[in-house]
Amino acid sequence: QKEVEQNSGPLSVPEGAIASLNCTYSDRGSQSFFWYRQYSGKSPELIMFIYSNGDKEDGRFTAQLNKASQYVSLLIRDSQPSDSATYLCAVNPSGGSNYKLTFGKGTLLTVNP
Amino acid sequence: GAVVSQHPSWVICKSGTSVKIECRSLDFQATTMFWYRQFPKQSLMLMATSNEGSKATYEQGVEKDKFLINHASLTLSTLTVTSAHPEDSSFYICSARWQQETQYFGPGTRLLVL
């Protein structure tokens with residue numbers, strides 16, 4: 001079973017702080033990694049994707065990938081109350097020709113004003 | 001980003017009726033679309049993968065005769081819940097594959113079966 005693990009949280013941070021969300025995956029051959037944000041009662045929206053080891057930055061968001069450790073993280077700088085949501089990590093397992101993603105169960109982030 | 005729409009956003013129906021949900025990719029062609037279901041406070045559950053012009057691939061435990069999927073064009077996939085029952089009440093979300101494995105989600109359809 002190819003798995004994606006996330007701490008369910010809730011992760012609580014004060015406004016303006018850095019929120020760090022973590023994800024580990026079991027399939028060492030995985031090649032593509034995604035972070036989605038899901039507000040309560042809404043569908044997921046794509047924040048970032050990352051394919052290569054290292055960091056990828058987009059505005060206040062930074063995705064970090066370490067394939068050797070099978071670890072991907074999302075940093076949110078200058079966290080805002082509007083960032084309060086569940087963050088889903090998703091991985092495309094190796095050998096999959098059907099483009100399916102395996103999702104973690106998500107981490108609930110709360111940013112306190 | 002790419003835009004995916006779903007219709008309807010809300011549907012209430014009586015037990016035993018069938019409900020059709022449409023998923024459209026508005027600004028790109030999607031050869032592959034996916035259908036998910038999400039119960040309250042639970043994670044996304046993939047129901048099936050829909051490929052344009054071919055039969056859908058269902059995940060283990062999902063009844064293909066109950067959840068009919070048609071992907072007749074590069075911008076439209078439909079999910080029909082046949083003979084719906086209260087236990088089918090859920091949040092149904094589609095996604096469309098944009099490039100490589102990137103999926104963009106529709107806004108979802110809330111189904112309530114009375």
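In what follows, every chain begins at residue 1, and chains take the letters A, B, ... in the order their sequences are listed.
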Checklist entry - Is any side-chain heavy atom of B:Glu101 closer than 4.5 Å to a side-chain heavy atom of A:Gln31? => result no

Checklist entry - Which residue out of B:Thr102, B:Thr57, B:Thr32 racks up the most heavy-atom pairs below 4.5 Å with chain A? => result B:Thr102

Next on the checklist: For B:Phe105, is there any backbone N or O sitting under 3.5 Å from a side-chain donor or acceptor partner on A:Ser43?
Outcome noted: no

Next on the checklist: For a 4.5 angstrom cut-off between non-hydrogen side-chain atoms, does B:Gln103 reach A:Tyr36?
Outcome noted: yes

Item to check | Side chain, backbone, both or neither of A:Leu108 within contact of chain B (heavy atoms, under 4.5 Å) | outcome: neither

Checklist entry - Does atom NZ of B:Lys64 have more than 12 heavy-atom neighbours, drawn from other residues, nucleotides or ligands, at distances under 6.0 Å? => result no

Checklist entry - Are A:Leu101 and B:Trp35 grouped together when hydrophobic residues (ILVMFWY) are joined by side-chain heavy atoms under 4.5 angstrom apart? => result no

Item to check | Proximity breakdown for A:Lys42 and chain B, heavy-atom pairs closer than 4.5 Å | outcome: backbone

Checklist entry - Is B:Tyr92 reachable from B:Tyr58 through a run of hydrophobic residues whose side-chain heavy atoms are each under 4.5 Å from the next? => result yes

Next on the checklist: Only pairs of heavy atoms separated by less than 4.5 Å count here; which of A:Gly104, A:Ser40, A:Gly106, A:Gly41 has the most with chain B?
Outcome noted: A:Gly41

Next on the checklist: Ring centroids only, cut at 6.0 angstrom: are B:Phe34 and A:Tyr99 within range, meaning strictly under it?
Outcome noted: no

Item to check | Reported CG-to-NZ distance for the pair B:Leu44 and A:Lys105, which is rounded to 0.5 angstrom | outcome: 12.5 Å

Checklist entry - Do A:Leu75 and A:Leu88 belong to the same hydrophobic cluster, where Ile, Leu, Val, Met, Phe, Trp and Tyr are linked whenever their side-chain heavy atoms lie under 4.5 Å apart, directly or via other members? => result no

Item to check | Basic-acidic side-chain contact under 4.0 Å: A:Lys100, B:Glu59 | outcome: yes

Checklist outcome for this item: Bottom line for A:Tyr51: the part with an atom under 4.5 Å from chain B's heavy atoms is side chain

Checklist entry - Side chain, backbone, both or neither: which part of A:Leu46 has a heavy atom under 4.5 Å from chain B? => result side chain

Next on the checklist: Membership question, hydrophobic clusters at under 4.5 Å side-chain separation (ILVMFWY): are A:Tyr25 and A:Phe34 in the same one?
Outcome noted: no

Item to check | Same cluster (ILVMFWY, side-chain, under 4.5 Å), A:Met48 and A:Leu65 | outcome: yes

Item to check | Leading residue by heavy atom contact count with chain A [cutoff under 4.5 Å; candidates B:Gln42, B:Met45, B:Gln100] | outcome: B:Gln100

